[in-house]
Amino acid sequence: MRKEQIGIGLIGAGNMGRAVARLVDDGSDSAHIQAVYDPDPEAMRACRQLFGDAFHEAPDVSALLARPDLDWVMIASWNCHHEIGRAHV
């Protein structure tokens, strides 16, 4: 049985994260941003302005990675912050 949609988690809601989210939210039904985490409240606000309530706002990386509805996680932060995501895998 094939899953209807790929659930995507996004670490980083800055410019790169929002660009990735726009690509995923291209109108196709194959993938959906399920959850987003960014420690910067301004980045999360900007993401909310673009996508409304279409995703869950995770309080931290661990909470994002614990979600059973995620099939794939994109780390869309500066390279120097990638260890934050890798440390939780």
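Numbers for residues simply follow the sequence, beginning at 1.
Between Ala46 and Arg18 the shortest heavy-atom distance is CB-NH1, 3.5 Å. For the pair Ala76 and Gly17, the tightest heavy-atom approach, listed with the atom from each and the gap, is CB-CA, 3.6 Å. Of all non-hydrogen atoms in Gly14 and Ala43, the two that sit nearest each other are N-CB, 4.1 Å. Closest non-hydrogen pair, Leu10 versus Ala21, comes out as CD2-CB, 4.2 Å. Ile33 and Val36 get closest at one heavy-atom pair: CG2-CG2, 3.6 Å. Counting all heavy atoms, side chain and backbone alike, Gly7 lies closest to Gln34 at CA-CG, 3.6 Å.
To the nearest 0.5 Å, the span separating CH2 on Trp72 from CD1 on Ile8 amounts to 5.0 Å. With rounding to the nearest 0.5 Å, the separation of CG in Asp71 from CD in Gln5 is 10.0 Å. Annotation: the span from Asp40 atom CG to Cys47 atom SG amounts to 11.5 Å, rounded to 0.5 Å.
Counting heavy-atom neighbours within 6.0 Å of Met44 CE, excluding the residue itself, gives a total above 12.
The side-chain tip of Arg48 points at the ring of Phe55 from less than 6.0 angstrom away and within 45° of straight on.
Residues that satisfy the side chain to side chain contact (heavy atoms under 4.5 Å, CB included) test with Ala54, not counting sequence neighbours, are His32. For Arg45, the salt bridge (Lys or Arg N to Asp or Glu O under 4.0 Å) criterion is met by Glu42, not counting sequence neighbours.
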